[in-house]
Amino acid sequence: MLKALAYAAAAVDKPLAPFSFEQRDPGPHDVLIEILYCGVCHSDIHQARDEWGGSIFPMVPGHEIIGRVKQVGQHVTKLKVGDIAGVGCMVDSCRDCASCRQDLEQFCLKGVAYTYNSTEMDRKTPTRGGYASQIVVAEHFALKVPAGLDPASAAPLLCAGITTYSPLRQWNCKKGDRVGVVGLGGLGHMAVKFAASMGAEVTVLSTSRAKEADARRLGAQGFEVTRDEATFRKLAGRLDLIIDTISAPHDYNQYLSLLRPQGAMVLVGVPPEPTPVGAFSLINGNKRLAGSSIGGIAETQEMLDYCAKHQIVSDIEIIPIQKINEAYERMLKGDIRYRFVIDLASLSSETAR
């Protein structure tokens, strides 16, 4: 067994603190990755504080992992020692069901093994995430990070990136499309970058003008304030696609009114309570209201390659692991543009408890 250093939440009401754990030695199809950087996702807060229920403690969060391959099993062919690799939101699946055979491992019919707050496919061994010194993962679930991508700025691509790239691909975003992005945070800023790179005319929909300059820098051509009722009259029936990244309560019906006939609104944010949707909001115009999760491994690799080609990465602020609790509080206040990334070299100064 290998010993890893980490930061973990010991319980729902406890701050993250130094922690150590053991993980398996790499098998013939596994890779051992020394973690260099890990992005901080808002879902890390939700799960560390058991806001979605079912949290498993002690918990080592983190599913936006970039690292250097230290060891490979004898049958590994995709990666070699020294390569820069990534691990996203999942580390295993059955690999045999209909979903897995369609490269949709995230929807494994036998249940996917998430990177943390989950178990391996044996349903017993807890998974530990990227706020750690290293990770052992099956080769199939490790991503190749293309040369030219800054490792720290690429870390959030493993969740925020694929979460916004996937719906744009599913709904065939292309040159000339009018795309609305609701919210300009960790997810929203990536949606703007991707949609703009695909040739779309992007409009950011936000509660204030505080981020307008940022939105235009990121590639948006329009910016509208949603607290102004005139915005919904001005944009009524104008948009082909809306990517809704907001996790706070808001009225879906208002935003559906902005779609052209047969347009689609895709949810990637998760508000805390169910949101009522009027039937006529969909029927009038044959509009679609859909959801989108992360992508499968093949699509995630496609996204990384796309980012390398178009030089797309996240806007980040690098922090040492010792500031993770402070970072959580800043995230809750919206005091980050747009993703915290942990430099795991800072773990070397810790003595694990």
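Being a predicted model, the structure only gives us computed values, none of them experimental.
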Novice: If you take the centroid of each ring, where Trp contributes its six-membered ring, are Y306 and Y165 closer together than 6.0 Å?
Specialist: yes
Novice: Are the side chains of Q254 and E229 in touch, meaning some heavy atoms are under 4.5 Å apart?
Specialist: yes
Novice: Is there a side-chain contact between L205 and L258 in this structure, where contact means two heavy atoms from C-beta onward sitting under 4.5 Å apart?
Specialist: yes
Novice: Is the centre of the H310 ring less than 6.0 Å from the centre of the F194 ring?
Specialist: no
Novice: Any donor and acceptor pair, going by atom type alone, linking the side chain of R68 with main-chain N or O of I84 inside 3.5 Å?
Specialist: no
Novice: Give a yes or no on whether the ring-centroid distance for H63 and Y114 is below 6.0 angstrom.
Specialist: no
Novice: In terms of side-chain heavy atoms, does D92 have a donor or acceptor partner in H140 at a distance below 3.5 Å?
Specialist: no
Novice: Can you say whether the rings of Y255 and F232 are parallel (under 30°), tilted (30 to 60°) or perpendicular (over 60°)?
Specialist: perpendicular
Novice: So, Q262 side chain and N286 main chain: donor-acceptor pair closer than 3.5 Å or not?
Specialist: no
Novice: Looking at I297, is its backbone amide N or carbonyl O close enough to the side chain of Q301 to form a donor-acceptor pair, meaning the two atoms are under 3.5 Å apart?
Specialist: no
Novice: Is S257 reaching over with its side chain to a backbone N or O of A236, donor-acceptor style, under 3.5 angstrom?
Specialist: no
Novice: Would a distance-only check, ignoring hydrogens and angles, find a side-chain to backbone donor-acceptor pair under 3.5 Å from H189 to D315?
Specialist: yes
